[in-house]
Protein chains: 2
Amino acid sequence: MKLVDCSGKESCKEKTLAFRDAIELLGGKWKVFILQHLSFGTMRFKDLQETIVGISPKVLTKELQDLEQNHLITRTVNHTKPITVSYSLTPYAYETQAVYNALLEFGTKHRRKIKNK
Amino acid sequence: MKLVDCSGKESCKEKTLAFRDAIELLGGKWKVFILQHLSFGTMRFKDLQETIVGISPKVLTKELQDLEQNHLITRTVNHTKPITVSYSLTPYAYETQAVYNALLEFGTKHRRKIKNK
DNA sequence: CTGTATCCACCTTGATACTG
DNA sequence: CAGTATCAAGGTGGATACAG
C-alpha cells in the first residue's frame, strides 16, 4: 500500500510538493481559527482580533494577507469614517472542506489514542 | 455553511486543537517524504538519509523520533555488526490515508489555480 | 479602525565533526 | 552504521508603539 500513488502521469515530486503547499497554506498557527470564524460570516479586523484571543495585529495582518493571496478570503474596504475592513470567505475556501474533515477525524482519533496511552 | 461543526457534544475548542495536532504531526518539512518512502517498505537510517536529498542526520533523527512517538512508525534495532536500525510504518500510519488524499487533491488543484493566475 | 514599524526571543533548520 | 554535540543562521511569532 502506498500513501502516495506515484504511478500516474503526474510525477511523485509534483505530488509531494502539492502536499507541502496545502499543509503550509492551511497549517499555520492561526489559519484554522480565522477560517473557522469567517465561516460563520463576515468579520472586521477588530472583530477577528477580539475573537481570536492572543493574536497580535501584526500576525493577524500577515495571516489575512496570506489567506487573501491564496484566494481563500476576500478583503473589502468600507469607506466609512473611520475606514473599516471586512473579511469573508470565498466560495473557493469551501473546497478545503474535505481536508478539514479528514484532519478533524484523524486529529480527534489521534488525541484519544495519545491521551489513553 | 461551516468549516467546523461546533454543534456536537465535543467542544469547538477541542476540535480546533485536534486540527492543530493533526497538522503539526503530519505537516513538518520532511514528514511527508519520510512516510511516503517508508510506505514502499522498511528502510534503514542510511537509506532514508540517501533517499531524502538534503536532510541532515540531526533533523532526520528528530523527525523519526517524532513519528515514532506518535506511533506512525516503528524503530527496530538489528543486532548485526555494526548495528543497523530499521524503520517501517505501523498499521496506524495508514489511518492518515484520508488526510493525505484530501491534501493531495486540494494541493494539486490549488497549485494549478495559483499557477494559471 | 486598520494596520505598519520596531525590536526581541525563540524555535527550527542546517553544516559539520565526532562518538559508540 | 546510527546517531549526538556543537555552533551558526534564518524565519516565525510576539509586545508594543505609532501612523494614516
Side-chain angles (χ1 to χ4, degrees), chain A residues 16-17 19-38 41-70 72-89, chain B residues 16-17 19-38 41-70 72-89:
Chain A
T16 47
L17 289 178
F19 280 120
R20 297 233 284 219
D21 280 5
I23 279 182
E24 253 176 62
L25 174 53
L26 304 174
K29 184 171 180 184
W30 303 104
K31 298 264 173 34
V32 176
F33 291 111
I34 294 173
L35 291 177
Q36 177 187 341
H37 289 303
L38 286 181
T42 292
M43 293 181 83
R44 292 188 327 193
F45 190 87
K46 197 196 173 213
D47 296 331
L48 285 167
Q49 202 177 353
E50 284 171 358
T51 309
I52 302 171
V53 180
I55 197 168
S56 72
K58 191 184 87 172
V59 174
L60 180 54
T61 300
K62 189 193 148 289
E63 299 284 278
L64 288 170
Q65 287 173 349
D66 210 21
L67 292 170
E68 191 196 2
Q69 276 168 28
N70 284 285
L72 294 181
I73 65 175
T74 56
R75 178 178 181 276
T76 310
V77 177
N78 310 305
H79 294 286
T80 51
K81 186 171 178 300
I83 282 176
T84 56
V85 180
S86 307
Y87 292 93
S88 56
L89 292 194
Chain B
T16 48
L17 289 179
F19 280 120
R20 297 234 284 218
D21 280 6
I23 280 183
E24 253 176 64
L25 174 53
L26 303 174
K29 185 171 179 183
W30 303 104
K31 299 262 173 35
V32 175
F33 291 110
I34 295 174
L35 291 176
Q36 177 187 340
H37 288 303
L38 286 182
T42 293
M43 293 181 82
R44 291 189 326 194
F45 190 88
K46 198 197 173 212
D47 297 331
L48 285 166
Q49 202 177 354
E50 284 171 358
T51 309
I52 303 172
V53 180
I55 196 168
S56 70
K58 192 182 87 174
V59 174
L60 179 54
T61 300
K62 189 194 148 290
E63 298 285 277
L64 289 170
Q65 288 173 350
D66 210 22
L67 292 171
E68 192 195 1
Q69 277 168 28
N70 284 284
L72 294 181
I73 64 175
T74 55
R75 179 179 180 275
T76 310
V77 177
N78 310 306
H79 294 284
T80 50
K81 185 170 179 298
I83 282 176
T84 57
V85 179
S86 306
Y87 292 93
S88 56
L89 293 193

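The analysis underlying the following values was restricted to heavy atoms, covering all of them including side chains, and did not include hydrogens, waters or symmetry mates. Every chain is numbered from 1, with letters handed out A, B, ... down the list of sequences.
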Using OP1 and OP2 only, check whether a side-chain N or O of B:R75 sits under 4.0 Å from D:dG3.
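Checking B:R75 against D:dG3: at least one side-chain N or O falls below 4.0 Å of OP1 or OP2.
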Integer-rounded Å distance: [N] [atom2] and [X] [atom1]:
X     : N      : atom1 : atom2 : answer
A:I83 : C:dT4  : CD1   : C1'   : 15 Å
A:K62 : D:dA15 : NZ    : C1'   : 17 Å
B:D66 : D:dG3  : CG    : C1'   : 17 Å
B:L60 : D:dC1  : CG    : P     : 14 Å
B:Y87 : D:dC1  : OH    : C1'   : 11 Å
B:W30 : C:dT12 : CH2   : C1'   : 13 Å
B:E63 : D:dG3  : CD    : P     : 14 Å
A:F45 : D:dA19 : CZ    : C1'   : 14 Å

Side chain of [X]: nearest nucleotide among [options]?
X     : options               : result
B:K46 : C:dG14, D:dG13, D:dA2 : D:dA2
B:K29 : C:dC1, D:dA2, C:dT13  : C:dT13
B:T61 : D:dT4, C:dG3, D:dA2   : D:dT4

Steps toward salt bridge (Lys or Arg N to Asp or Glu O under 4.0 Å) verdict (A:E50, A:K46)
CA-CA 6 Å; A:E50 284 171 358; A:K46 197 196 173 213; 3.3 Å; yes
For a 4.5 angstrom cut-off between non-hydrogen side-chain atoms, does A:D47 reach A:R44?
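A:D47 reaches A:R44 side chain to side chain.
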B:L72 side, atom CG; B:L38 side, atom CG - distance, nearest 0.5 Å:
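Answer for the CG-CG pair, B:L72 versus B:L38, is 10.5 Å.
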Would the distance check show the side chain of A:D66 and the main-chain N or O of A:E63 forming a donor-acceptor pair, the cut-off being under 3.5 Å?
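Here the side-chain-to-backbone pair does not exist.
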Close residues, residues 48-59 of chain B, relative to DNA chain D [heavy-atom separation under 4.0 Å]
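Going residue by residue through residues 48-59 of chain B, the ones with a heavy atom under 4.0 Å of DNA chain D turn out to be B:P57, B:K58.
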Parallel, tilted or perpendicular: which describes the rings of B:H37 and B:F33, with under 30° parallel and over 60° perpendicular?
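Aromatic pair B:H37/B:F33 classed parallel.
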Taking the nucleotide of DNA chain C with the closest heavy atom to each, which residue, A:L64 or B:P82, is nearer the 5' end?
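Result: A:L64.
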For B:N78, check side-chain hydrogen bond (donor to acceptor under 3.5 Å, both in side chains) against everything at least two apart and list the hits.
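So B:N78 forms a side-chain hydrogen bond (donor to acceptor under 3.5 Å, both in side chains) with B:T84, B:S86.
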What nucleic acid atoms does B:T84 come within less than 4.0 Å of, heavy atoms only: base, sugar-phosphate, or nothing?
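Sugar-phosphate contact only - B:T84 comes under 4.0 Å of backbone atoms but never of a base.
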How is B:Q65 classified with respect to the nucleic acid when contacts are heavy atoms under 4.0 Å: base, sugar-phosphate, or nothing?
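Counting heavy atoms under 4.0 Å across all strands, the contact made by B:Q65 is with sugar-phosphate only.
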Can you spot which of A:K31, A:K62, A:R75 makes a side-chain contact (heavy atoms from CB on, under 4.5 Å) with A:L67?
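Result for side-chain contact (heavy atoms from CB on, under 4.5 Å) with A:L67: A:K31.
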